[in-house]
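Just so you know, these numbers come straight off a predicted model, no measurement behind them. A note on names: the letters A, B, ... follow the listed sequences, proteins ahead of strands, and every chain is numbered from 1.
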Protein chains: 2
Amino acid sequence: MSRVTGKRLTAKGEATRRRIVAAAAQLMYEQGITATTMEDVRVATGASSSQIYHYFADKQALLLAVIDYQTEAVLDLQAPHLDHLDTITGLRAWRDLLVENQKRLQCRGGCPIGTLGSQTAETNPEARLAVASGYLRWENAIRAGLTTMHSRGNLTGNPDDLALALLTALQGGLLMTQIHRNVRPLEVALDTVLDHIASLSGGSRE
Amino acid sequence: MSRVTGKRLTAKGEATRRRIVAAAAQLMYEQGITATTMEDVRVATGASSSQIYHYFADKQALLLAVIDYQTEAVLDLQAPHLDHLDTITGLRAWRDLLVENQKRLQCRGGCPIGTLGSQTAETNPEARLAVASGYLRWENAIRAGLTTMHSRGNLTGNPDDLALALLTALQGGLLMTQIHRNVRPLEVALDTVLDHIASLSGGSRE
């Protein structure tokens, strides 16, 4: 059952719905939420208006689906690494993935979640809370690895704080990398927190 | 001479221009850049259209003036502290100011510069470069203190990297504080980098 519409969809319906959300996500990413109209989404997908409104009552429903979609996309991209954040080696490999991804994107776009959050935080409380929920899922995934390190006795710091520090470094690094069109802010932001974590892990690679 | 219009303004003209920019900055901060029209700015200031267009040829010129205005405002707020970022005590006092400011704002608004950057980065290269220039002024101010610490032998790390790490932590912390309506992300982001700097300063308070 679709979480947003509350309607049970056929496989074909689910595919159409997903195609609409993907097109809306791409448009909002490229031109911003305010500048993206339901008509833009209709044209981009080649769907009819009645099809679009069958799945999404209004732009707000579509925006909430886009926030979910981008949260899944961000977590999927990192999925192979998120289970290995319990060693310094695993953390550094995750950092490399994030930096390489920005190089591939030529430092464009920033964080797909953070960008949606920044655009909606003061004008759309429902969207802000959806972004907050996406951030929490991401933070929890990072925290799991650090908590394992801590419980093994390989980390003396507070794993909750260090997980949040990694995510804030990532968010600030992505924003400044986007603005400067240069990966150095992201590299330095993550490396500084990772160096700090390494200093609290007694030089262990495990 | 006004940097943006290239016109030499009287004191009264400068005051009117500043009033227009302040109103535009407030509107863009509250409702976003795209949603803010020249007519909104006119209504907010009580000026006539011809007055507005006397100072700003178009919305783009006004936006660039708003980016300058917000950069000055951010640096002015921190000015009493920026000359004292060459000790751990001074850095912690600056951190406290930034956290207190977010509490005062009830965690609303995020970073006035970062928010403008996030909204324009992919659609307005001129605005993106103006934000990048604002970030560099801020980063330079932070770097000056850390470079002094380093040259006194009170910091073993790379002051350029640590200054950038502090600004990325601040940007990520402000964004997540805005989304969660809670100062903890900002506190943890700054404290983590400051703890790292303290660990590289041999425990010196100087």
A:Pro185 and B:Leu164: which non-hydrogen atoms are nearest, and at how many Å? CA-CD2, 3.7 Å
Are any non-hydrogen side-chain atoms of B:Gln119 and A:Thr34 less than 4.5 angstrom apart? no
Parallel, tilted or perpendicular: which fits the ring planes of B:His196 and A:His196, with parallel below 30° and perpendicular above 60°? perpendicular
Using non-hydrogen atoms only, which part of A:Leu167 is less than 4.5 Å away from chain B: side chain, backbone, both, or neither? both
Spacing of CG belonging to A:Asp191 relative to CG belonging to B:Asn158, to within rounding of 0.5 Å: 11.5 Å
Between B:Val188 and A:Asp161, the two heavy atoms sitting closest are CG1-O, 3.1 Å
Could you check which of B:Cys111, B:Ser118, B:Ala169 has the highest count of heavy-atom pairs closer than 4.5 Å to chain A? B:Ser118
If we only count heavy atoms from C-beta on, is the B:Glu122 to A:Gln178 side-chain gap below 4.5 Å? yes
Taking side chain as everything from C-beta outward and backbone as N, CA, C, O, which of these in A:Glu187 sits under 4.5 Å from a heavy atom of chain B? Side chain, backbone, both or neither. neither
Side chain, backbone, both or neither: which part of A:Asp195 has a non-hydrogen atom closer than 4.5 Å to chain B? both
Heavy-atom neighbours of A:Arg18 CZ exceed 12 at 6.0 Å: no
What residue, out of B:Ala132, B:Gly32, B:Gly114, has the most heavy-atom pairs lying under 4.5 Å from chain A? B:Ala132
Winner by heavy-atom pair count (cut-off under 4.5 Å) against chain A, out of B:His180, B:Gln171, B:Glu30: B:His180
Exactly one of A:Val193, A:Thr192, A:Ile197 should register a side-chain contact (heavy atoms from CB on, under 4.5 Å) with B:Thr192. Which one does? A:Val193
A:Ala121 to B:Ile179 - nearest heavy-atom pair and separation: CB-CD1, 4.0 Å
Is there a side-chain contact (heavy atoms from CB on, under 4.5 Å) between A:Arg184 and B:Asp160? Walk through the geometry before answering. CA-CA 11 Å; A:Arg184 186 173 165 253; B:Asp160 296 349; 4.0 Å; yes
Is B:Leu190 close to chain A through its backbone or its side chain, or both, or neither, when contacts mean heavy atoms under 4.5 Å? neither
Spacing of B:Arg181 atom CZ and A:Leu129 atom CG [to the nearest 0.5 Å]: 9.0 Å
